[in-house]
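When a ligand or atom number is given, it counts from 1 through the structure's own listing order. Here, residue 1 is the first one in the sequence, and each next residue gets the next number.
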Amino acid sequence: MTVTAGILGATGAVGQRLIQLLEPHPDFELVTLTASDASAGHPYRDVAKWRIDAPIPETIAEMTVRRTDPDDIPDDIDLLFSSLPSDVGKRVEPELCEAGYVVSSNSSNDRTAPDVPLTIPEVNAGHLDVLEVQREERGWDGALVKNPNCSTITMVPTLAALDSFGIEQIHVSTLQAVSGAGYSGVSSMEIIDNAIPHIGGEEQKMEAEACKLLGAFDGREINWHEADVAASCNRIPTIDGHLENVWVETRDEITTEDAAAAMRSYESLDLHSSPDPLIHVFEEPDRPQPRLDRLHGNGMAVTAGGLRETSNGVQYNCLAHNTIRGAAGASVLNGELLLRDGWL
Ligand SMILES: NC(=O)C1=CN([C@@H]2O[C@H](COP(=O)(O)OP(=O)(O)OC[C@H]3O[C@@H](n4cnc5c(N)ncnc54)[C@H](OP(=O)(O)O)[C@@H]3O)[C@@H](O)[C@H]2O)C=CC1
Ligand SMILES: N[C@@H](CC(=O)OP(=O)(O)O)C(=O)O
């Protein structure tokens, strides 16, 4: 079955990555692109400042961009991928769901709403069933699914792997790439020869989203994990790939070998965009590194290394590609999960 798909915010940085992933995708046929009113009515080629290091697919370049409005989007679209600014997503996504569209969104609005599934398919695919509650309570024929923030996605698969030892406390410090702020988000004068120890709202997102993702769905509610999470977020002058230093305290004793084995054996899924293995663990103490390791598993794998025992847990480093696994690829994978589980 081929699913007809559209992208909301298709001209932006994440929208372009979505095009790159969806145009050759075996399950999805890209038929609609939307952006702001200023871009609507024009050929995609004329209004998108294409920044991906591969040409715009010809079929996409000639498509006319539509308004991001239920009245301007064809009724027969099965799935909309959303990469809108979060204030726009907050207003438009519920309107689209009410109009009957299923939306897989990367935007940060509504990620922690109790009836909105926030999913990393390999970690918490079962949370998707909260959509039944969402439809019942909101009276929607459509549905809204979110993927987490890029820094959160980077660490959570490794934490899920370690949670059989009973995670009680997580401390994380990030080294985040400039692409996370968008093309014009951080100026070159700010970031070259520098590091910026502040990314607005990022720490709070990591702390909340990690607990929701690692929580348990009881058929009605997602009960958040009770681990104590503390994050410190920093921007550094890499282009793509968020590197993170993580300290985990566990209830049960855990050795370096236990932690490496748990990460290596953590299961992937049989979905097109899900890499196998999901987590690659390095023996070399100086890996992972952004430039060398961000494209593991076509940019969808998480890499880890530098494992060390601490007094009551382990310390390690992890890395993922922030605009692929951390954004566009995460939304596409959620689309594949929606298809597998019969929501489309
Ligand atoms: N950049 C990244 O790596 C990451 C970004 N994100 C999140 O993804 C979302 C998109 O980010 P990014 O792609 O960088 O943003 P961009 O600013 O590059 O793109 C925004 C897109 O939304 C459209 N848009 C803007 N305003 C409106 C509006 N009022 N109505 C309809 N469409 C509108 C733009 O269209 P137009 O071109 O016409 O202005 C464009 O297509 C954000 O929520 C961001 O926080 C998440 C993770 C990583
Ligand atoms: N804040 C992230 C990117 C981002 O836009 O995150 P979110 O999807 O939570 O808005 C970064 O700067 O790297």
Thr323 heavy atoms, cut-off 4.0 Å: which ligand 1 atoms fall inside? 3 (O)
Tell me: protein heavy atom nearest atom 1 (N) of ligand 2, and distance? Glu202 OE1, 2.6 Å
Nearest option to atom 7 (C) of ligand 1, as decided by whichever heavy atom of Thr68, Val47, Asn106 sits closest: Asn106
More than 12 heavy atoms of other groups within 6.0 Å of Glu226 CD: no
Within ligand 1, which atoms have a heavy atom of Ser39 less than 4.0 Å away? 36 (P), 37 (O), 38 (O)
Between Thr255 and Asp258, do the side chains contain a donor N or O and an acceptor N or O under 3.5 Å apart? yes
Which atoms of ligand 2 are found less than 4.0 Å from any heavy atom of Lys205? 7 (P), 9 (O), 10 (O)
Which atoms from ligand 1 have a heavy atom of Ser86 less than 4.0 Å away? 43 (O)
Side chain or backbone of Ser107 under 4.0 Å from ligand 2, or both, or neither, by non-hydrogen atoms? neither
Shortest non-hydrogen pair, Val302 vs Ile153, comes out as CG2-O, 4.4 Å
What is the ring orientation for Phe217 with His127, classed by angle as parallel under 30°, tilted 30 to 60°, or perpendicular over 60°? tilted
Contact atoms of ligand 1, heavy-atom distance to Ser83 under 4.0 Å: 9 (C), 10 (C), 21 (C)
Heavy-atom proximity to atom 22 (O) of ligand 1, best of Ala40, Gly12, Pro85: Pro85
A quick test of your reading: do over 12 heavy atoms of other residues, nucleotides or ligands sit less than 6.0 Å from CD of Glu267? no
Ignoring hydrogens and geometry beyond distance, is a side-chain donor-acceptor pair present between Thr4 and Asp78 at under 3.5 Å? yes
Could you tell me which atoms of ligand 1, counted from 1 in the order shown, lie closer than 4.0 angstrom to a heavy atom of Ala327? 47 (C), 48 (C)
Would you please say whether a donor-acceptor pair under 3.5 Å links the side chains of Gln176 and Asn322? no
Please determine if Glu58 and Arg45 form a salt bridge, counting it only when a charged side-chain N lies under 4.0 Å from a carboxylate O. yes
Show the atoms of ligand 2 that are less than 4.0 angstrom away from any heavy atom in His242. 13 (O)
Is there at least one protein heavy-atom neighbour under 4.0 Å from atom 27 (C) of ligand 1? yes
Ligand 2 contact on Arg111 by region, counting heavy-atom pairs under 4.0 Å: side chain
Phe28/His272 aromatic ring centres below 6.0 Å: no
Exactly one of Glu257, Met263, Gln315 should register a side chain to side chain contact (heavy atoms under 4.5 Å, CB included) with Leu307. Which one does? Met263
Would Glu93 and Lys146 pass as an ion pair if we require N to O under 4.0 Å? yes
Could you find the nearest protein heavy atom to atom 39 (O) of ligand 1 and give me its residue, atom name and distance? Ser36 OG, 3.5 Å
Identity and separation of the nearest protein heavy atom to atom 14 (O) of ligand 1: Ala13 CB, 3.7 Å
Quick one: does Arg235 get an N or O within less than 3.5 Å of an N or O on ligand 2? yes
Ignoring hydrogens and geometry, is there a side-chain-to-backbone donor-acceptor pair from Gln134 to Leu144 under 3.5 Å? yes
Between Gly180 and ligand 2, is there a nitrogen or oxygen pair with a distance under 3.5 Å? yes
So, is Asn149 polar-close to ligand 2, with some N/O to N/O distance under 3.5 Å? yes
Angle class for the His296/His280 ring planes (parallel below 30°, perpendicular above 60°, tilted otherwise)? tilted
Which of the numbered atoms in ligand 2 are below 4.0 angstrom from a heavy atom of Gln176? 11 (C), 12 (O), 13 (O)
Among Ile324, Val14, Leu84, closest by heavy atom to atom 9 (C) of ligand 1 is Leu84
Just checking, any donor-acceptor pair under 3.5 angstrom between side chains of Ser83 and Asn106? no
I need the contact type for Ala10 against ligand 1. Using non-hydrogen atoms and a strict under-4.0 Å cut-off, is it side chain, backbone, both or neither? backbone
Nearest non-hydrogen contact with atom 3 (O) of ligand 1 belongs to which option: Gly326, Ser105, Ala177, Ser179? Ser179
Taking Arg111's backbone N and O only, do any of them form a donor-acceptor pair with Lys212's side chain (distance below 3.5 Å, no angle check)? yes
Report yes or no: does Asn106 have a heavy atom closer than 4.0 Å to ligand 2? yes
Of Leu18, Leu8, Leu33, Thr11, which has the heavy atom at the shortest distance from atom 40 (C) of ligand 1? Thr11
To atom 30 (N) of ligand 1, the nearest of Val92, Ile153, Ile7, Val88 on a heavy-atom basis is Val88
